[in-house]
2 protein chains.
Amino acid sequence: MDVFEAVAEPNRRHLISLLAEREHTAGELVGSLPTLTQPAVSRHLRILREVGLVEVRPDGQRRIYALKPDGLQRIDDWITPYRRFWRHHLAALEQHLENR
Amino acid sequence: MDVFEAVAEPNRRHLISLLAEREHTAGELVGSLPTLTQPAVSRHLRILREVGLVEVRPDGQRRIYALKPDGLQRIDDWITPYRRFWRHHLAALEQHLENR
DNA sequence: ACGCCATATACACTTGCGCTTATATACGCA
DNA sequence: TGCGTATATAAGCGCAAGTGTATATGGCGT
């Protein structure tokens with residue numbers, strides 16, 4: 001599984017958004033996804049770790065998860081060359097906002 | 001299928017990169033993916049069209065495919081808030097843009 | 001109209017994902 | 001040492017993705 005497939009899953013994107021605010025224990029993340037069971041969340045966290053989107057640090061019997069920049073940057077590097085396709089569109093929008 | 005899943009497939013990313021250079025007919029794209037059959041490529045193009053990454057224009061018996069900005073921009077919009085994790089100077093820029 | 005070319009769809013098959021239930025591992029505390 | 005808590009792994013299942021073969025659709029030229 002690569003970083004693109006990892007990010008394609010909505011629950012994993014939710015986990016990423018939570019970890020972007022601050023670190024969380026696995027249990028907190030399980031509580032934040034009430035539709036999923038604990039093993040399901042644990043598996044998602046495993047995948048996020050394997051693709052380098054997340055890192056784990058043990059804290060007693062808990063595991064603290066934190067976002068890692070590297071993985072998301074790989075997606076950003078991929079999308080960067082295509083950014084020119086809507087840059088001019090955005091420029092036009094800003095122009096419009098400034099003129100009104 | 002949403003735009004994230006669409007982009008998660010390597011062959012579809014390849015198609016996107018080809019269409020970023022210029023428009024292509026379906027046949028040209030089939031020729032650019034020698035490991036896949038014509039129906040397989042046709043199906044990938046269908047998916048890219050359904051998620052708004054690509055648009056089709058008929059030209060006689062051929063179909064000309066072109067990249068559409070909207071879909072990729074949605075991915076870019078999603079990744080933007082996380083960009084501060086690896087480029088702190090960009091966070092300052094975003095702050096500046098928000099405040100003006 | 002007929003055959004040819006370009007492209008799309010139907011169908012069947014395999015494979016891997018995401019899920020749940022059940023179980024294992026491991027730490028903390030009395 | 002024994003128990004409860006926190007987290008991970010195992011096993012099994014349903015389902016959808018991706019693919020190939022076969023076929024349909026539809027424009028083009030003669």
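The structure presented is a predicted model; accordingly, all values stated were derived computationally and were not measured. In what follows, chains carry the letters A, B, and so on, assigned in the order in which the sequence lines appear, proteins first and then strands, with residues in each chain numbered from 1.
Here the CG-NZ distance, from B/L19 to B/K68, works out to 13.5 Å after rounding to the nearest 0.5 Å. Atoms CD and CD, from B/E55 and B/E23 in turn, are 8.0 Å apart once rounded to the nearest 0.5 Å. Between the CD1 atom in A/I16 and the CZ atom in B/F85 there is a gap of 10.5 Å [rounded to 0.5 Å]. For the atom pair CH2 (A/W78) and CZ (B/R13), the distance works out to 7.0 Å, reported to the nearest 0.5 Å.
For the pair B/R57 (side chain) and B/R63 (backbone), a donor-acceptor distance under 3.5 Å is absent.
Each of B/R62 and A/E5 was matched to the nucleotide of DNA chain C holding its nearest heavy atom; the match closer to the 5' end belongs to B/R62.
For the side-chain contact (heavy atoms from CB on, under 4.5 Å) criterion with A/R12, the lone passing option out of A/V51, A/V7, A/V54, A/I47 is A/I47. Screening B/V56, B/L15, B/V30 for a side-chain contact (heavy atoms from CB on, under 4.5 Å) with B/L45, the sole residue that qualifies is B/L15.
When all heavy atoms of A/M1 and A/A6 are compared, the closest pair comes out as SD-N, 3.7 Å.
Between A/F4 atom CZ and D/dG18 atom C1' the separation is 19 Å, expressed in whole Å. Rounded to whole Å, the distance from CD on A/E9 to P on D/dC15 is 17 Å.
Of the residues in residues 27-51 of chain B, those with a non-hydrogen atom less than 4.0 angstrom from any atom of DNA chain C are B/G27, B/Q38, B/P39, B/S42, B/R46.
Protein chain B touches strand DNA chain C; the 5'-most and 3'-most nucleotides with an atom under 4.0 angstrom of its non-hydrogen atoms are C/dC5 to C/dT9.
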